[in-house]
Each structure stands twice: as C-alpha cells, then as structure tokens.
Amino acid sequence: MAVPKRKMSRSNPRSRRSQWKANPVALTKCDRCGSAKLPHTACQTCGTYNKRAVLDV
Amino acid sequence: MPTPTKGARLGGSPAHQRLMLANLATALFENGRITTTEAKARRLRPFAERLVTKAKRGDLHARRQVAAVIRNKAVVHELFTEIAPGYAGRAGGYVRITKIGPRKGDNAPMAVIEMVEPLAEQTVAEATAATKRAAKDRDENAAEKSTEAALDAAVAEVAELAEENQDEILAEAEADTAEIDAEAADSDTPAGDPSDEEPDTKK
C-alpha cells in the first residue's frame, strides 16, 4: 500500500488551505422593495417576482 | 413536445417517479399552487401541461388517459370542467415556476409551481394584486380617505347653512350696504388729510 514517505510540515497544509475561499453571493436589488435578493428568484422580503405576488409575507 | 428528461429517476426507480409525479400533479390541480423542490417542479411542468392538453380535448378517451395518471376522480372532474376550459385560448404554457431560494435544513433550491391564470381572469388577478398593494399602503390611504370625508361633510354643512341662512344673509347684505353708504359719507371728510394720520401710526 502506498503511504507518505515523510511527515508534511505544518506550513505545507496551511499554505494549501489558504486558497480555500468562499465566493461572495451574487445579489440583485428587488425592483419593488429595493432589498437585496438572489437573481431570478422571488424576493424574500416582499414576496414578489416580476411584480407578481408569489409568497405570503 | 418537451425534451425527454435525462439522468436518474426522481426517487430512484421508475415506479417511484411515476407515483411522485402523479401525486404532485394531483396536488397542483387540486390547490392551483404548490411549493416543492426546483428539480421536482421542472419535471412536473411538462407532465402536468400534457394532462391539461388532454383535458382540453375533453373526450372520453382523453378522460381515461388522464384518469390513468390521476386516481382522484374529483380532481379529474375539476380538471376537465373548471381548469381546462379556462385555457381554451392559450396554446400551452399553463404552468408557471418561480424560484424562491434555498430551503432551510438541506439548502435544496425550492420553487413555487402554479397554474397560470386563465386569460379572462388575468385582469381580475391584476386588480387583486393592486388591492394588495393598496392594503400595504393602507395608512396613507386611510388618512386621505378621512380628509376627503371631512371635506365632503364640511361642504354639506356649508350648503345646509347657506339654505337656512339665506334670508339672514340677504338681510345682512342690505344692512351692509346701508353701513357702506354711511361709511362712504363719513370717509369724505378724513380722506382730505391722510398725511396727519400716517405719522401717528409710525410713532
């Protein structure tokens, strides 16, 4: 069975994991109430999509 | 005809998917609007629209084909008698999917899938939406209405008062004219030297 030959230094995994980054969520403005919302999705604040009531708020 | 679905069946087996789609379609026709995951909604839309197309045809064969999928006879009847005639002027696109964001718990993307309003009722739906919007701004409207009512009441009172006091007003007017005549007679004398009065008021 293949096994690591040497112990990895603490710096090596840490520098590798320094590239794990979260991307900012793309948000748009609701065209009715102006609050931030996911694009192509009903607004969670006012419950509308394309000026049409979808959710009960 | 929509493109055939690719990938694994919903729920794992063909039978499970058939039952799930049948149950989802039944719930959709019964309630008009259901909330489900986006994947199920995307599979359900062509399935449900095909059933509506059969219901628009309306003959016995079509009814048997729909009844083979939807086991609830009441829902089949409602689909043929109430839902399908509303879409007589619409060539497809009876179902609308609106994404509503991820679900709490498993972060599954959710969607609302609903029957599109029949063309005749579309204006009604817009009117109800307008009333909903008006209800949200109820405070302003209420204030405006109260002021309007107060104005109307005031106008009515003034009109009544005018009718009642017409005689009095006429009498007052006559008295006023008499007073004006008297003032005119008086004002002839002080009008001659107004320069004396102005410095007094300044001091």
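All of these numbers come straight from a predicted model, not from anything done at the bench. Each chain gets a letter, A, B and so on, in the order its sequence line appears, and its residues count up from 1.
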*Not counting sequence neighbours, which residues clear ring-ring contact (aromatic ring centres under 6.0 Å, His included) with Tyr49(A)? List them please.*
none

*So which of Val54(A), Leu38(A), Leu55(A) has the biggest tally of heavy-atom pairs under 4.5 Å with chain B?*
Val54(A)

*Lys40(B) atom NZ, over 12 foreign heavy atoms within 6.0 Å*: no

*Is any side-chain heavy atom of Phe80(B) closer than 4.5 Å to a side-chain heavy atom of Lys56(B)?*
no

*Who in residues 97-112 of chain B is close to chain A, using a strict under-4.5 Å heavy-atom cut-off?*
Thr98(B), Lys99(B), Ile100(B), Gly101(B), Pro102(B), Val112(B)

*Can you measure from NZ (Lys37(A)) to SG (Cys46(A)) and round to the nearest 0.5 angstrom?*
9.0 Å

*Contacts of Arg33(B) that satisfy salt bridge (Lys or Arg N to Asp or Glu O under 4.0 Å) - sequence neighbours left out*: Glu114(B)

*Quick one: salt bridge (Lys or Arg N to Asp or Glu O under 4.0 Å) partners of Arg42(B), sequence neighbours excluded?*
Glu38(B)

